[in-house]
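Accompanying notes for the structure given below.
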Amino acid sequence: HYLPWHRMMLENWCLIYDNMLHGPVFIQEPNNVIFPLDSEEKKVKLSCEVKGNPKPTIRWKLNGTSVDVGMDYRYSIVGGSLLINNPNKTQDIGMYQCIATNSFGTIVSREARLQFAYLENFKTRTRSTVSVRQGQGMVLLCGPPPHSGELTYAWIFNEYPSFVHQDNRRFVSQETGNLYIAKVETSDVGNYTCVVTNTVTNNKVLGPPTPLILRNDGKISGLILFFFVNA
């Protein structure tokens, strides 16, 4: 803790420094931003705060190219920060840098990545019936739709809210969304629906149900892989 006279000296020094002529100094540099496309607030802010004397001018670069706030109404610089109205995932994604200049020099901020979080719907409306022999192992592939942002996966068995419970026979991979079933039993017969959740936007989408039935031509051991293309 500072003593009162230490604090007073420090405050006086800061005041003197701010009044002295000096080059730009960052108070705050931009950070990475993940923007949910379905956000009610249709605005992205990339923060940048600079001090200097004379007052620095601020400009921004996107992927190494200057952002022209005069040519695109969606862009504005407020207090050094860059505001993007109605952000577009195609045009605005990338690496941003804040650049501050006065007569004593120029400083360039670290790069800040702007990403967009979204989760589209499954395009496939129906999936073919899967026929498996009792005792056989199988994998159902989720095939998540186009997305950006981390996903989590679950599977509905027959109807919501009856989810597949993982045990020593059933496993849902959180890397791929695939459902693994070892040694299929009669109780496994039914419809399986992959549920995909975007952890950034909290959006959920459901794939089309896949019917699973048992074949009646005897038991066999092995593994069947069923792949469904999301197209």
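Because only heavy atoms are used, hydrogens play no part in the values below, and waters and symmetry mates are left out as well, while side chains stay in. What you see is a predicted model; the values in this text were computed from it and never measured.
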Correct closest heavy-atom pair for Gly143 and Phe122 would be O-CE2, 3.3 Å
In short, Trp60 meets Gly80 closest at the heavy-atom pair NE1-O, 3.0 Å
Is it true that Arg74 and Gln91 share a donor-acceptor pair across their side chains at a distance under 3.5 Å?
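Note: Gln91 and Arg74 side chains meet the donor-acceptor criterion.
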Short question: side chain of [X], backbone of [Y] - any donor-acceptor pair under 3.5 Å?
{"X": "Trp155", "Y": "Gly177", "result": "yes"}
{"X": "Asn198", "Y": "Ser148", "result": "yes"}
{"X": "Gln97", "Y": "Ala112", "result": "no"}
{"X": "Asn32", "Y": "Arg113", "result": "yes"}
{"X": "Ser173", "Y": "Thr176", "result": "yes"}
{"X": "Arg215", "Y": "Ser131", "result": "no"}
{"X": "Tyr75", "Y": "Met71", "result": "no"}
{"X": "Tyr73", "Y": "Val69", "result": "no"}
{"X": "Asn191", "Y": "Pro209", "result": "no"}
{"X": "Glu49", "Y": "Gln28", "result": "no"}

Result for side-chain contact (heavy atoms from CB on, under 4.5 Å) between Ile99 and one of Ile58, Val50, Val108, Thr57 points to Val108
If you measure from [atom1] on [X] to [atom2] on [Y], what distance do you get to the nearest 0.5 Å?
{"X": "Arg127", "Y": "Leu140", "atom1": "CZ", "atom2": "CG", "value": "8.5 Å"}
{"X": "Leu46", "Y": "Ile77", "atom1": "CG", "atom2": "CD1", "value": "11.0 Å"}
{"X": "Gln134", "Y": "Asp188", "atom1": "CD", "atom2": "CG", "value": "9.5 Å"}
{"X": "Thr101", "Y": "Phe104", "atom1": "OG1", "atom2": "CZ", "value": "13.5 Å"}

Requested in this report: Measure up the Phe116 and Phe35 rings against each other and bin them: parallel (under 30°), tilted (30 to 60°), perpendicular (over 60°).
Outcome: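 Answer is perpendicular, since the angle exceeds 60°.
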* To do: Determine the interplanar angle of the Phe171 and Tyr180 rings, folded into 0 to 90°, and report it as parallel if under 30°, tilted if 30 to 60°, perpendicular if over 60°.
  =>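 Tilted, since the angle between the ring planes falls between 30° and 60°.
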Under a 4.5 Å cut-off applied to non-hydrogen side-chain atoms, are [X] and [Y] in contact?
{"X": "Val139", "Y": "Leu179", "result": "no"}
{"X": "Asp92", "Y": "Val44", "result": "no"}
{"X": "Met138", "Y": "Val130", "result": "yes"}

For Val78, the other hydrophobic cluster members (4.5 Å side-chain criterion, sorted by chain and number) are Leu83
Do Phe157 and Phe163 make the cut of ring centroids closer than 6.0 angstrom?
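Ring centres of Phe163 and Phe157 not closer than 6.0 Å.
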- Query: Any ion pair linking Glu120 and Lys89 (charged N to carboxylate O, less than 4.0 Å)?
  - Reply: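 Result for this pair is yes, salt bridge flagged.
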